[in-house]
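Residue numbers count from 1 along this sequence.
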Amino acid sequence: SKDNLTGVWYCVECQYESTNKGDMRNHIEAKHVDSTISCDLCGVVTKTRKALKMHKYRQHKNMS
């Protein structure tokens, strides 16, 4: 949830807080959601969309 006065996002599951919504989304995916995301190019499995994006950049950046 977000505190509109301070602009800080607070995790409802733990003590984590951030001023960045994307960081909060990544935190929730990594720590509180039991799911995985697979790379459509090679099948590598990651826990978060951010990790998948980094994987694709590092491993598949030269693919069209």
Side-chain angles (χ1 to χ4, degrees):
S1 64
K2 182 179 180 184
D3 183 326
N4 288 326
L5 295 176
T6 63
V8 175
W9 290 87
Y10 296 94
C11 179
V12 297
E13 300 289 328
C14 70
Q15 303 280 329
Y16 182 80
E17 59 186 61
S18 176
T19 56
N20 184 285
K21 185 178 181 180
D23 288 346
M24 179 59 70
R25 184 181 322 121
N26 194 60
H27 162 77
I28 291 169
E29 286 179 357
K31 302 296 182 185
H32 302 299
V33 177
D34 188 24
S35 66
T36 56
I37 304 164
S38 298
C39 177
D40 59 332
L41 299 172
C42 71
V44 163
V45 176
T46 64
K47 185 139 176 74
T48 66
R49 288 177 285 175
K50 183 177 180 180
L52 179 62
K53 183 177 180 178
M54 288 305 299
H55 159 77
K56 283 186 170 183
Y57 174 75
R58 290 179 179 148
Q59 300 299 318
H60 307 299
K61 62 183 170 187
N62 294 325
M63 296 180 91
S64 42

| request: Kindly give the heavy-atom pair with the smallest separation between Met24 and Trp9, and that separation in Å. | output: CE-O, 3.1 Å
Per-pair distances, 0.1 Å, donor-acceptor, side chain in residues 12-19, under 3.5 Å, sequence neighbours excluded:
residue	atom	partner	partner atom	Å
Ser18	OG	Asn20	N	3.0
Ser18	OG	Asn20	O	3.3

| said: Could you see if Ile28 belongs to whatever hydrophobic cluster contains Tyr10? Use Ile, Leu, Val, Met, Phe, Trp, Tyr and a side-chain cutoff under 4.5 Å. | reply: no
| query | Which residues pass the salt bridge (Lys or Arg N to Asp or Glu O under 4.0 Å) test with Arg25, sequence neighbours left out? | reply |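 Expected list: none.
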Could you pull out every donor-acceptor pair under 3.5 Å between side chains of residues 31-42 and any protein atom, sequence neighbours left out?
residue	atom	partner	partner atom	Å
His32	NE2	His27	NE2	3.2
Asp40	OD1	Lys56	NZ	2.7

| query | Can you tell me how far the CZ atom of Arg49 sits from the CG atom of Asn26, to the nearest 0.5 Å? | reply |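 Between Arg49 CZ and Asn26 CG, I get 8.5 Å after rounding to 0.5 Å.
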